[in-house]
Amino acid sequence: MEAIRKQATKLREQVARQQQAVLRQFGGGGYGGSDTVITDEEELHRHQKLEKLYISTRSAKHFQRDIVRGVEGYIVTGSKQVEIGTKLCDDSRKFGSENTCTSGNTLTRASLSFASARAQMEKERGNLLKALGTQVAEPLRAMVMGAPLEDARHLAQRYDRMRQEAEAQTIEVSKRQAKVRENPGNPELVLKLESADAKIEDLKSNMTKLGKEAASAMAAVEDQQQNQTLQRLITLVEAERNYHQRILEIIERLEGEMRFEQQRIEEAPQTPQVENIVSPPPPSYEEANAGVNASQMHDGTSDAMGYFLGEVMFSYQADSDFELSISVGDYVVIREVTSSGWAEGECKGKAGWFPYDYIERRDRVLATKVIEVF
């Protein structure tokens, strides 16, 4: 449809130029001359400018509509991603809170860190989608559907219709001029020619005024489209840049936390194998309080020494009745240490064997910690 419209406009301009050439050649000495022909350079330039402005504003309008559709599609897809990410966050937090692992809590801490980081990332994604909707899509949609564009286009269309009417009136004037030349002195033909001349002059005046108004309105709309669309694109890019910067910071922090947990696993001492270790009967509380000496390895021999307290640094789960389950933060009364790296002691009223490397000796502890042991 637009191609047909362009072709019709070009044909009208071509016919008008031909009419002007013919009238200048044959009607130069007749009544009214050729100044009634509406194809002067200024008007032609204005008409061509309006054609270009119409094409420019239409193209910008379609581009704005494409941006709005693209951003809206991105928001729909992003909202689904937020939903999926939030579910993953909840599952990770649930796993970390339950802590069903019996050999340590490294994965528990890692899963909680992951859940926290994922929650922050989904929050940032939600903020990005909100910004794209309110700062990009909505302003452009308002421009596409706005009154300034429609009003300017209506002015241009009115100008085009008036120009067509003026061209038709120009042809009518040419016909009447020819009749006056064929019948000179006919007052009726002269009167009709003067009336046609007056009408064409009125049309030319109104057309010029409307053309200037339409050109000014279309130019203002074009300028607004170019500036506002560029600004919306800059806003979109800045919002995405800020979003990805924050996501990168969160991911780097999360990676550091998880690498730390991985190093703790790699640096943790290996659990020694228990070979026929028989736990001697633990001393009585009276003997423990009285400071009865236990044995400690020293150059391959057992030397007498007093009991001492140790703080559990790594959890250990007992595999047999002879072993003692301990948890991080517990305090244990150490009564014997073997050459194989095992220790025998008592914690929370229970006695048994456990890896000596899993505890650190504490010479000074609060009295409440000592009471907790028993």
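Side chains are part of it too, since the values below use all heavy atoms of this structure and drop only hydrogens, waters and symmetry mates.
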(message) Taking Met218 as the starting point, is it possible to reach Phe63 by hopping between hydrophobic residues whose side chains are less than 4.5 Å apart?
(response) no
(request) Verify whether one side chain among Arg161 and Gln164 offers a donor that lies under 3.5 Å from an acceptor in the other. (result) no
(message) Please say yes or no: joined through hydrophobic side-chain contacts below 4.5 Å, possibly via intermediate residues, are Trp342 and Val332 part of one cluster?
(response) yes
(message) Under 4.5 Å between side-chain heavy atoms, counting indirect links through other Ile/Leu/Val/Met/Phe/Trp/Tyr residues: same cluster for Ile75 and Val68 or not?
(response) yes
(message) Checking Asp151 now: which residues fulfil side-chain hydrogen bond (donor to acceptor under 3.5 Å, both in side chains) with it, not counting sequence neighbours?
(response) none
(message) Contact between Arg232 and Pro139 at the side-chain level, heavy atoms closer than 4.5 Å - yes or no?
(response) yes
(request) Could you walk me through whether Glu311 and Ile359 pass side chain to side chain contact (heavy atoms under 4.5 Å, CB included), step by step? (result) CA-CA 5 Å; Glu311 181 181 357; Ile359 62 101; over 6 Å; no
(request) Please round to the nearest 0.5 Å and tell me the distance separating atom CD of Glu238 and atom CD of Glu240. (result) 11.5 Å
(message) Any side-chain to backbone donor/acceptor pair from Asp330 onto Ser327? Under 3.5 Å, distance only.
(response) yes
(request) Write down the atom of Val328, the atom of Met313, and the distance for their closest heavy-atom approach. (result) CG2-O, 3.6 Å
(message) Less than 4.5 Å apart, side chain to side chain, heavy atoms only: is that true for His47 and Glu51?
(response) yes
(request) Using the side-chain hydrogen bond (donor to acceptor under 3.5 Å, both in side chains) rule, collect all pairs that involve residues 241-251, keeping only residues at least two apart or in two chains. (result) none
(request) Would you name the heavy atoms of Ala60 and Gln225 that are closest together and state the gap between them? (result) CB-OE1, 3.2 Å
(message) Test: side-chain hydrogen bond (donor to acceptor under 3.5 Å, both in side chains). Region: residues 111-136. Which pairs qualify, not counting sequence neighbours?
(response) Gln81-Arg125, Ser113-Glu257, Arg118-Glu122, Gln120-Arg253, Glu122-Arg125
(request) Please answer: with hydrophobic residues joined when any side-chain heavy atoms are less than 4.5 Å apart, are Leu132 and Met143 in the same cluster? (result) no
(request) Would you please classify the geometry between the Phe308 ring and the Tyr356 ring as parallel, tilted or perpendicular, with 30° and 60° separating the classes? (result) perpendicular
(request) Return yes if some donor-acceptor pair links the side-chain N/O of Ser325 with the main-chain N/O of Ala318 below 3.5 Å, else return no. (result) yes
(message) Which residues pass the side-chain hydrogen bond (donor to acceptor under 3.5 Å, both in side chains) test with Lys212, not counting sequence neighbours?
(response) none
(message) If the threshold is 4.0 Å, N to carboxylate O, is there a salt bridge linking Lys94 and Asp90?
(response) no
(request) Provide the closest heavy-atom pair for Val144 versus Leu149 in the form atom of the first, atom of the second, distance. (result) O-CD2, 4.1 Å
(message) With a 4.5 Å cut-off on side-chain heavy atoms, are Val136 and Leu233 touching?
(response) no
(message) Please find the pair of heavy atoms, one from Leu155 and one from Ala217, that lie closest to each other, and give the distance.
(response) CD1-CB, 4.0 Å
(request) Check the pair Ile251 / Met121 against side chain to side chain contact (heavy atoms under 4.5 Å, CB included), numbers first and verdict last. (result) CA-CA 9 Å; Ile251 291 178; Met121 287 189 285; 3.8 Å; yes
(message) Could you go through Leu254 and Phe114, starting from their C-alpha distance and side-chain angles, then the distance that decides it, and tell me whether this counts as side chain to side chain contact (heavy atoms under 4.5 Å, CB included)?
(response) CA-CA 7 Å; Leu254 173 62; Phe114 177 81; 3.9 Å; yes
(message) Do Cys347 and Leu324 have side chains that approach each other closer than 4.5 Å (heavy atoms only, starting at C-beta)?
(response) yes
(request) Begin with the C-alpha distance, continue with both residues' side-chain angles, and end with the deciding distance and a verdict on side chain to side chain contact (heavy atoms under 4.5 Å, CB included) for Leu107 and Phe95. (result) CA-CA 9 Å; Leu107 181 59; Phe95 174 82; 3.7 Å; yes
(message) Measuring only between side-chain heavy atoms, which start at C-beta, is Gln226 closer than 4.5 Å to Leu230?
(response) no
(message) Are the side chains of Glu336 and Tyr307 in contact, using a 4.5 Å heavy-atom criterion?
(response) no
(request) Would you mind reporting whether Arg361 and Leu309 have side-chain heavy atoms less than 4.5 Å apart? (result) no
(message) On a heavy-atom basis, which atom in Ile67 and which in Thr229 lie closest, and how many Å separate them?
(response) CD1-CG2, 3.9 Å
(message) Does anything in residues 214-223 form a side-chain hydrogen bond (donor to acceptor under 3.5 Å, both in side chains)? List the pairs, not counting sequence neighbours.
(response) Ser56-Glu222, Asp223-Asn227
(message) Whether the Tyr316 and Glu323 side chains hold a donor-acceptor pair (N or O, under 3.5 Å, no angle test) is what I'd like checked.
(response) yes
(request) May I ask you to test the Tyr159-Glu213 pair for a side-chain heavy-atom distance under 4.5 Å? (result) no
(request) Return yes when atom CZ of Arg158 has more than 12 non-hydrogen atoms of other residues, nucleotides or ligands closer than 6.0 Å, and no otherwise. (result) no
(request) Carefully, step by step, assess Glu43 and Arg46 under the rule salt bridge (charged side-chain N to carboxylate O under 4.0 Å, His left out). (result) CA-CA 5 Å; Glu43 191 59 41; Arg46 185 180 299 113; 2.6 Å; yes
(request) Compare every heavy atom of Glu344 with every heavy atom of Phe354, then report the nearest pair and how far apart it is. (result) CE2-C, 4.3 Å
(request) Is it possible for you to say whether Leu129 and Leu88 belong to one hydrophobic cluster, with membership spreading through side-chain heavy-atom contacts below 4.5 Å? (result) no
(message) Once side-chain hydrogen bond (donor to acceptor under 3.5 Å, both in side chains) is applied, do any residues pair with Thr77, and if so which ones, sequence neighbours excluded?
(response) none
(message) Quick test of your reading of the model: are Arg69 and Glu72 salt-bridged, counting only N-O distances below 4.0 Å?
(response) no
(request) Verify, without hydrogens or angle tests, whether Thr208 (side chain) and Lys204 (backbone) share a donor-acceptor contact under 3.5 angstrom. (result) yes
(request) Would you confirm whether Thr57, through its side chain, and Tyr54, through its main-chain N or O, come within 3.5 Å as a donor-acceptor pair? (result) yes
